[in-house]
2 protein chains.
Amino acid sequence: MRIGEIARRSGVSVRALRYYEEQGLLVPGRSPGGQREYSQDAVQTVRAIQQLYAAGLSSRRVAELLPCMDTGTTTDHQRAMLKAERDRIRAQIKELTATLARLDELVDAADRRGS
Amino acid sequence: MRIGEIARRSGVSVRALRYYEEQGLLVPGRSPGGQREYSQDAVQTVRAIQQLYAAGLSSRRVAELLPCMDTGTTTDHQRAMLKAERDRIRAQIKELTATLARLDELVDAADRRGS
DNA sequence: CTAGAATCTCACGTGGACGTGAGGTGCAAG
DNA sequence: CTTGCACCTCACGTCCACGTGAGATTCTAG
């Protein structure tokens with residue numbers, strides 16, 4: 001598959017896919033003419049990248065963690081990073097939950113006055 | 001209180017506080033000599049700003065929502081924004097939870113192999 | 001064979017939340 | 001009165017995940 005179809009199927013821009021290659025996250029093959037050739041499971045990789053970005057990981061972290069998302073095998077270094085990121089995400093969820101509660105209070109108070 | 005003490009008490013930089021003023025989020029008074037004079041509850045406001053930033057809100061949104069975080073009263077526009085942001089945050093928590101589960105699986109699999 | 005998509009490689013632009021000097025002023029202490 | 005730290009105002013720099021042309025090449029349909 002060429003870059004345009006991967007872009008459509010995964011919902012990211014063509015530019016983003018080239019950027020991922022630049023960062024070493026998803027490096028496709030090349031056609032004789034020099035065009036990028038993606039395999040089927042590239043779509044899944046893109047989704048994983050997006051998911052990790054959304055969780056606040058940097059390109060560097062994603063590059064270090066993507067291999068074990070594919071293979072399921074981890075080095076000691078990767079396991080340490082995984083646990084660190086887990087903790088970060090857990091803390092983030094906790095804080096978001098608190099923020100949500102605070103906003104809920106505001107809305108509820110407004111609803112009560114409004115009724 | 002002057003800017004340095006607010007910075008220490010709230011854990012943000014002096015530059016950040018000046019930036020908040022620039023964005024209209026937290027506008028302190030001025031001493032005769034032109035120095036910023038913050039009230040006691042500025043610390044709480046700073047924490048609120050940080051919390052909203054951490055939840056992914058822009059300065060503009062924070063500026064629109066900070067008043068009702070203080071007073072507890074909301075306009076229709078603010079209530080609509082509150083509900084929209086709540087939904088966004090809820091979705092964000094959901095996605096983070098899924099990501100967390102995925103990382104947990106990886107760590108668990110690695111732990112089982114390691115034991 | 002040719003028109004026109006689609007893709008290619010530079011390479012500069014963007015937006016947001018500040019960081020970081022440069023050069024000048026306010027204020028409490030000795 | 002002066003030392004010296006905290007504060008002031010510009011104003012350019014930073015980081016990151018791309019956006020956005022410009023100009024050239026490749027691929028596909030007729």
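Below, chains carry the letters A, B, ... as their sequence lines are ordered, and counting in each starts from 1. Predicted, not measured: the structure shown is a model, and the values here were computed from it.
Looking at which nucleotide of DNA chain C each of Arg18(A) and Leu17(B) is closest to, the 5′-most match is held by Arg18(A). Take the nearest nucleotide of DNA chain D for Arg15(B) and for Ser59(A): the residue whose nucleotide is more 5' is Arg15(B). Comparing Ala16(A) and Gly34(B) by the nucleotide of DNA chain D that holds the closest heavy atom to each, the one mapping nearer the 5' end is Gly34(B).
Of the candidate nucleotides dC8(C), dA17(D), dC27(D), dC8(C) has the atom nearest to the side chain of Arg30(A). Between dC18(D), dT7(C), dA17(D), one nucleotide has an atom nearer to the side chain of Ser58(A) than all others, and that is dA17(D). Nearest nucleotide to the Arg2(B) side chain, out of dC8(C), dC27(C), dC27(D): dC27(C). For Ser13(B), the listed nucleotide lying nearest its side chain is dG19(C); candidates were dC8(C), dG19(C), dC18(C). Taking the side chain of Tyr19(B) as heavy atoms from C-beta on, and the options dC18(C), dT9(C), dC27(D), the nearest nucleotide is dC18(C). Side-chain proximity of Ile3(A) to dC8(D), dA17(C), dT7(C): nearest is dT7(C). Closest to the side chain of Gln35(B), out of dG26(C), dG19(D), dC8(C), is dG26(C).
Between Tyr20(B) and dC18(C) there is a side-chain N or O to OP1 or OP2 distance below 4.0 Å. At the phosphate of dT7(C), neither OP1 nor OP2 sits under 4.0 Å from any side-chain N or O atom of Arg36(A).
If you measure from atom CD of Glu5(B) to atom C1' of dC7(D), you get 14 Å, rounded to the nearest angstrom. Atom OH in Tyr53(A) sits roughly 13 Å away from atom C1' in dC15(D) (whole-Å rounding). Glu37(A) has its CD atom 10 Å from the P atom of dC27(D), to the nearest Å. Nucleotide dA17(C) holds its P atom 15 Å from the CG atom of Leu26(B), rounded to whole Å. We find that CZ of Arg60(B) is positioned 15 Å from P of dG15(C), with the value rounded to whole Å. Rounded to whole angstrom, the span from the CZ atom of Arg61(A) across to the C1' atom of dC16(D) amounts to 15 Å. One can place CD of Glu21(A) at 14 Å from P of dT7(C), the figure rounded to the nearest angstrom. The nearest whole Å value for the distance from the CG atom in Leu52(A) to the P atom in dC16(D) is 16 Å.
Under a cut-off of 6.0 angstrom, the local environment of CG in Asp76(B) is sparse, with at most 12 non-hydrogen atoms contributed by other residues, nucleotides or ligands. Atom CZ of Arg88(B) sits in a crowded spot, with more than 12 heavy atoms from other residues, nucleotides or ligands closer than 6.0 Å.
In the model, Tyr53(A) has a side-chain atom that pairs as donor or acceptor with a side-chain atom of Ser59(A) under 3.5 Å.
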Arg102(B) and Gln51(A): side-chain hydrogen bond (donor to acceptor under 3.5 Å, both in side chains), yes or no, with the steps? CA-CA 10 Å; Arg102(B) 200 163 170 183; Gln51(A) 188 176 21; 2.6 Å; yes
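With contacts defined as side-chain heavy-atom distances shorter than 4.5 Å, the pair Ile3(B)/Glu37(B) does not qualify.
For the pair Arg36(B) and Glu21(B), the salt-bridge criterion is met [side-chain N within less than 4.0 Å of a carboxylate O].
Backbone-only engagement by Leu57(B) is indicated by non-hydrogen atom pairs under 4.0 Å involving sugar-phosphate atoms exclusively.
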